[in-house]
Amino acid sequence: MPWKIETKCLQEGYKPENGQPRVLPIYQSTTYKYDSTEHVAKLFDLSVPGHMYSRISNPTVECVENKIAALEGGIGALCTSSGQAASLISILNICEAGEHFVCSGTIYGGTINLFGASLKKHGISVTFVDQDSSEEEIQKAFQPNTKALFGESIANPKISVLDIEKFAKIAHKNNVPLIIDNTFATPILLRPIEYGADIVVHSTTKYMDGHAVSIGGVIVDSGKFNWDNGKFPGLTEPDDTYHGMVYTRDCGKAAYITKARVQLIRDYGCYMSANNAFLLNLGLETLHLRIERHCRNAEKVAEYLSTSDKIMSVSYPTLAKDSYHSLAQKYLPKGCSGVVSFRIKGGREGAVKFMDKLKLAAIVVHVADCRTAVLHPASSTHRQLSDEQLVQAGIDPGLIRFSVGIENIKDIIEDIKQALED
Ligand SMILES: *Cc1c(COP(=O)(O)O)cnc(C)c1O
């Protein structure tokens, strides 16, 4: 019987043999020694497994990749230097200049920038859609040159829940993969591949690391998408920079994730370091415990806030009146992560006053780590967005994103209570 997810958090990835270190070692080496040129040639042909250079792969990082692939139910994974790099590579791997993809407008502000502004300068265009629209409405955004559909399972910071099955249906009808950013949910709460997603990306910087010590990202390949449908010549035709490799022919189910590594990571150089992978692995070992506590604490914070007359509205999908409640019941039965967002009375000014009075909850430009933290998107992470884009991403000037930690819930509620007092 396959291991349960809690066991996978601890036991997958690194499997030491007799006499080897119990704990995943940090292979702090840029390169690897071989006895013959013939062996190295085989490595380059990918006909034998092994490491060549730590810009492309590293034994420490590889163990963490295997663990995350096992957690998400994918056939392979690739760790990147940041969540941004994971989102970028996930698109660049299948979308070239002159091509297009469709993306939910309700996603992390940094991803909106990356897709809407930076990729545009490289000739890749995106159409942002309202993820709550009907299939017919979203279908209108598709063009003959569309190569992917992208969305966030729990959107940062709106805390909306994506109907992944609806998105998968639309993507597959158009013969393109569905890519899901699963950062907030983590595979503990939701595994998008089980609902039809083809590729999953994460900012491991958030809950997976969980202690705010290392920036990182990961791409997981389900191995299920059929790339050989005429739309993805980069995967089905010879790669001249890789001596004629045809990824679908030579790598089978692992075509996408192999190309991402040996072509894109090789060239763009945004691989995770061994040190960061070691830290990420420590975080992953307790992910299941932390996520459970984050969820229980956040549920109590959301309930408390929703009874306060100082608060205009609370977004947290376990609340019965939340507009994403029924989607959360389907996709997130174990909980909805530790992030609660709410609108305080008094708009921007009210938000700033509340934030400055908090004692335990720290003002940081970060979210989803074990310590309670608070952020005002309109004056920080989402500063670069126009008012129109703010509204599209579901952000009100008085919106506060409260990242509930794993401290004692009584202390967290007490802190909120004193900060809301006049
Ligand atoms: C933070 C975040 C990212 C970007 O990740 P970095 O590790 O900061 O580069 C992407 N998606 C979501 C949902 C995030 O919260």
Side-chain angles (χ1 to χ4, degrees), residues 61 64 68 72 77-92 103-119 126 128 131 150-162 164 167 179-190 192 197 199-220 265 268-273 276-277 279-280 283-284 287 291 294 298 315 332 336-341 364-369 373-375 377 380-385 393-395 399 401-404:
V61 187
V64 179
I68 297 173
E72 283 288 8
L78 171 68
C79 281
T80 55
S81 53
S82 68
Q84 288 295 90
S87 301
L88 173 68
I89 297 294
S90 78
I91 293 293
L92 289 187
C103 183
S104 162
T106 315
I107 54 168
Y108 172 63
T111 315
I112 291 189
N113 252 354
L114 167 64
F115 290 172
S118 289
L119 280 185
V126 60
F128 291 111
Q131 66 181 37
F150 191 103
E152 254 171 58
S153 49
I154 302 179
N156 173 7
K158 197 186 170 193
I159 323 300
S160 49
V161 181
L162 180 69
I164 299 174
F167 259 47
I179 306 175
I180 294 291
D181 182 334
N182 198 34
T183 297
F184 271 22
T186 82
I188 303 298
L189 298 175
L190 169 65
I199 307 295
V200 177
V201 297
H202 283 272
S203 164
T204 61
T205 315
K206 313 297 165 54
Y207 288 119
M208 281 191 170
D209 168 305
H211 300 76
V213 292
S214 65
I215 301 276
V218 68
I219 305 172
V220 182
I265 291 285
Y268 294 105
C270 46
Y271 197 53
M272 183 178 279
S273 71
N276 277 359
L279 293 168
L280 172 56
L284 289 169
L287 183 65
I291 287 290
H294 279 294
S315 292
L332 297 155
C336 297
S337 90
V339 187
V340 177
S341 60
V364 295
V365 182
H366 185 54
V367 66
D369 81 66
V374 67
L375 183 123
S380 56
T381 48
H382 290 64
R383 241 185 136 71
Q384 74 282 5
L385 298 191
I395 297 154
L399 183 92
R401 192 181 65 183
F402 201 87
S403 177
V404 183

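Every number for a ligand or one of its atoms is a count from 1 in the order of the listing. In this text the structure is predicted, and so the values were computed from the model without any measurement.
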Between [Y] and [X], is there a side-chain heavy-atom distance shorter than 4.5 Å?
X      : Y      : answer
Thr106 : Glu152 : no
Phe167 : Ser104 : yes
Asp369 : Asp209 : no
Leu280 : Ile68  : yes

Taking N or O atoms only and a 3.5 Å limit, does [X] qualify as a polar contact for ligand 1?
X      : value
Glu152 : no
Gly83  : yes
Asn156 : yes

Notebook entry, point to check: If every non-hydrogen atom of Val161 is compared with every non-hydrogen atom of Gln131, which pair is closest and at what distance?
Noted result: O-NE2, 3.9 Å
Note to self: Taking only non-hydrogen atoms of Ser87, do any sit less than 4.0 angstrom from ligand 1?
What the structure shows: no
For [atom], what's the nearest protein heavy atom and its distance?
atom                    : value
atom 7 (O) of ligand 1  : Thr205 OG1, 2.6 Å
atom 4 (C) of ligand 1  : Tyr108 CE2, 3.4 Å
atom 2 (C) of ligand 1  : Lys206 NZ, 2.5 Å
atom 11 (N) of ligand 1 : Asp181 OD2, 2.7 Å
atom 9 (O) of ligand 1  : Gln84 N, 2.9 Å

Note to self: With rounding to the nearest 0.5 angstrom, report the CG to CZ distance, Leu399 to Arg401.
What the structure shows: 9.0 Å
